[in-house]
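Here the structure is a predicted model, which means the values were calculated and not measured. In each ligand, atom 1 is the first atom listed, and ligand 1 is the first ligand listed.
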Amino acid sequence: MHKNRGPVYYGDYLQLPKLLDSQLPLSRKFADETNGECHDEMLFIVVHQVYELWFKQILHDLDSILKVFKETYIPEVELSSIVQKLERIKKIQGLLIGQFEVLESMTPMDFLEFRDLLIPASGFQSVQFREIEIKLGLHTSDRMDVDREFFMGRLSEVDRAHLTEVEKSPTLLKCLEGWLERLPYTDTKEFNFWAEYQKSIEGILKDDQEIIEANSAHLSDKQKHMQLENLKVTRGTFDSLFHEEKHKELIGNNQRKLSQKAILNALFILLYRNESMLTMPFHLITALMDIDENFTSWRYRHALLAQRMLGTKIGTGGSSGHQYLKRAADNNRVFLDLFNLSTFLIPSSRLPKIPVEVKKKMSFNV
Ligand code: HEM
């Protein structure tokens with residue numbers, strides 16, 4: 001604990017003179033007889049600055065998480081501290097989504113009064129936002145061609161070099177992958193969980209086929225054929241989980257990001273989340289999914305704001321505006337693999353029983 005080193009003055013500590021002297025509306029600078037200062041430009045600046053401050057805090061927490069998470073051994077106590085910081089990021093994201101309402105108290109007509117003064121500046125150039133995206137696990141190569149051009153093309157040399165450097169460090173997605181791959185329990189001397197799980201799936205799919213056959217009296221040939229075809233698709237999806245080659249193909253097509261081993265172990269955590277040793281890993285996975293979902297909500301909310309302000313006009317950064325932002329919301333997902341795991345969940349009653357020796361290892365009273 002630090003001890004007091006002498007009197008501190010509120011304004012000095014928070015550097016308020018610097019902070020509060022940093023709102024400089026361009027419409028004030030260029031005011032003339034025809035065009036005066038636009039009242040709402042102050043709101044526009046303050047809201048953006050508040051966003052950037054919260055981005056700074058998110059990066060501060062993300063950096064601290066990555067420092068621990070990139071290690072190959074993570075003690076239990078560190079894991080709970082990671083989850084605690086992720087929970088904080090979630091709370092901040094709630095504010096980020098809520099704040100758009102304040103900006104929407106500015107009408108599109110009020111925005112039009114000063115919008116042209118901003119060209120070609122744009123949120124495209126928010127280096128901190130890009131840094132968050134990258135540190136979470138969104139790589140330049142994950143972006144569509146046109147977006148990639150927007151991503152780097154609008155930045156200064158210095159900012160581009162900085163982000164290129166950031167891209168070389170481990171991301172949360174990569175750290176998660178390594179950590180999941182190291183999870184014990186699924187393939188031990190006593191127990192091969194995946195062989196047992198596959199047997200359960202086979203049983204479930206066989207039952208499904210029998211149900212379709214048994215009910216075929218009520219179905220037309222076409223309906224029966226369709227249901228059996230759907231079952232084949234489900235079987236194919238499960239196959240893609242267990243066959244390394246199929247999994248690699250999906251990674252190659254950008255349809256999956258995590259390694260097969262990491263995905264299987266994440267699924268194990270979800271299936272047996274109530275076992276003591278899996279409770280914290282389950283919270284970690286859930287927090288990452290929440291963060292991904294919150295960023296997606298932020299993107300959709302921001303796209304709606306842009307539509308409200310601009311209609312179908314292009315953005316100050318030159319993109320198609322609302323259309324671009326909606327596409328980014330659909331595509332820029334980092335932890336989508338975790339969401340897709342729900343495809344492979346099965347009822348608890350059909351889960352393979354874990355042998356006592358393995359169960360003991362997964363409980364705190366060993
Ligand atoms: C009047 C309010 C706003 C409008 C009309 C608006 C519009 C846009 C548009 C059209 C884009 C696409 C790039 C372009 O062509 O310029 C964009 C990107 C962006 N804006 Fe905004 N924006 C507004 C407020 C904000 C606020 C408050 C933030 C908070 C920091 C923000 C952050 C961003 C970010 C980070 C991007 C890049 C998104 C990406 O590439 O995925 N914007 N904005």
Side-chain angles (χ1 to χ4, degrees), residues 22-23 25-27 38-59 89 92-156 159-160 163 166-167 292 294-334:
S22 303
Q23 295 70 40
L26 284 176
S27 62
C38 303
H39 177 82
D40 280 1
E41 194 183 349
M42 179 60 83
L43 176 78
F44 186 81
I45 293 173
V46 168
V47 169
H48 277 83
Q49 286 180 339
V50 171
Y51 271 104
E52 290 293 337
L53 280 176
W54 282 126
F55 291 163
K56 183 168 184 166
Q57 180 61 44
I58 291 178
L59 282 169
I89 293 177
I92 296 174
Q93 287 179 310
L95 292 178
L96 297 185
I97 295 166
Q99 264 184 70
F100 283 126
E101 262 184 38
V102 184
L103 195 53
E104 279 175 350
S105 64
M106 170 179 80
T107 68
M109 288 293 281
D110 292 330
F111 181 46
L112 266 185
E113 287 300 316
F114 62 91
R115 176 177 183 258
D116 282 1
L117 287 171
L118 311 177
I119 295 170
S122 144
F124 271 152
Q125 295 161 335
S126 169
V127 176
Q128 292 201 103
F129 184 80
R130 295 302 183 212
E131 200 166 325
I132 294 172
E133 287 186 326
I134 293 170
K135 285 184 169 162
L136 287 177
L138 204 63
H139 199 270
T140 316
S141 57
D142 293 333
R143 298 170 200 268
M144 285 174 289
D145 287 350
V146 53
D147 299 351
R148 219 174 295 153
E149 161 54 24
F150 283 136
F151 175 64
M152 284 299 194
R154 300 292 191 276
L155 295 172
S156 69
D159 288 344
R160 208 175 312 149
L163 291 180
V166 175
E167 282 206 317
D292 196 68
N294 285 344
F295 267 120
T296 306
S297 298
W298 184 90
R299 285 178 192 280
Y300 280 120
R301 189 66 187 77
H302 173 254
L304 284 175
L305 165 82
Q307 189 178 40
R308 172 190 280 244
M309 294 294 169
L310 306 174
T312 56
K313 289 193 195 88
I314 62 166
T316 47
S319 79
S320 56
H322 172 68
Q323 283 307 321
Y324 162 80
L325 295 169
K326 212 153 69 70
R327 212 177 48 240
D330 286 336
N331 292 313
N332 291 351
R333 302 288 301 276
V334 178

For this session: Decide side-chain contact (heavy atoms from CB on, under 4.5 Å) for F111 and D40; before the verdict, give the C-alpha distance in whole Å, the side-chain angles of both, and the deciding distance to 0.1 Å.
Result: CA-CA 7 Å; F111 181 46; D40 280 1; over 6 Å; no
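- For ligand 1, none of its N or O atoms has an N or O atom of F111 under 3.5 Å away.
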For this session: Decide yes or no on side-chain contact (heavy atoms from CB on, under 4.5 Å) for Y51 and Q99, but give the supporting numbers first.
Result: CA-CA 9 Å; Y51 271 104; Q99 264 184 70; 3.5 Å; yes
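- At least one heavy atom of R130 sits less than 4.0 Å from an atom of ligand 1.
- Ranked by closest heavy atom to atom 32 (C) of ligand 1, the top entry among Y51, F124, W298, F129 is W298.
- Rounded to the nearest 0.5 Å, atoms OG (S319) and CD1 (I314) are 7.5 Å apart.
- Near T316, meaning under 4.0 Å from any of its heavy atoms, are these atoms of ligand 1: 16 (O).
- Q128 places a side-chain N or O within 3.5 Å of a backbone atom of E52 that can act as its donor or acceptor partner.
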Extract all donor-acceptor atom pairs below 3.5 Å that involve side chains of residues 301-308 and protein atoms in other chains or at least two apart in sequence.
from, atom 1, to, atom 2, distance (Å)
R301, NH1, E104, OE2, 3.0
R301, NH2, E104, OE1, 2.9
Q307, NE2, H322, NE2, 3.4

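- Those atoms of ligand 1 with a heavy atom of M309 less than 4.0 angstrom away are 1 (C), 5 (C).
- Heavy-atom contacts of G321 reach the following atoms of ligand 1: 10 (C) (cutoff under 4.0 Å).
- Listed here is the closest heavy atom pair of L155 and V127: CD2-CG2, 4.2 Å.
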Problem set entry | Derivation of the side-chain contact (heavy atoms from CB on, under 4.5 Å) call for E41 and E113 | CA-CA 9 Å; E41 194 183 349; E113 287 300 316; over 6 Å; no
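- Scanning all protein heavy atoms for the shortest distance to atom 12 (C) of ligand 1 gives S319 OG, 3.3 Å.
- Under the rule for a side-chain hydrogen bond (donor to acceptor under 3.5 Å, both in side chains), S122 has no partner lying at least two apart in sequence or in another chain.
- Between W298 and F55, the two ring planes are perpendicular [angle over 60°; tilted spans 30° to 60°].
- The shortest separation from a heavy atom of R299 to ligand 1 is under 4.0 Å, placing the residue in contact.
- For ligand 1, the atoms closer than 4.0 angstrom to any heavy atom of F44 are 1 (C), 2 (C).
- With sequence neighbours excluded, no residue forms a side-chain hydrogen bond (donor to acceptor under 3.5 Å, both in side chains) with Q323.
- For atom 21 (Fe) of ligand 1, protein N, O or S atoms closer than 2.8 Å were enumerated as H302 NE2, with waters left out.
- Counting heavy atoms only, H48 comes closest to atom 25 (C) of ligand 1 of the residues R154, Q49, H48.
- Nearest non-hydrogen protein atom to atom 40 (O) of ligand 1 is Y324 OH, 2.6 Å.
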Problem set entry | Test log, rule side-chain contact (heavy atoms from CB on, under 4.5 Å), inputs R130 and F124 | CA-CA 8 Å; R130 295 302 183 212; F124 271 152; 3.3 Å; yes
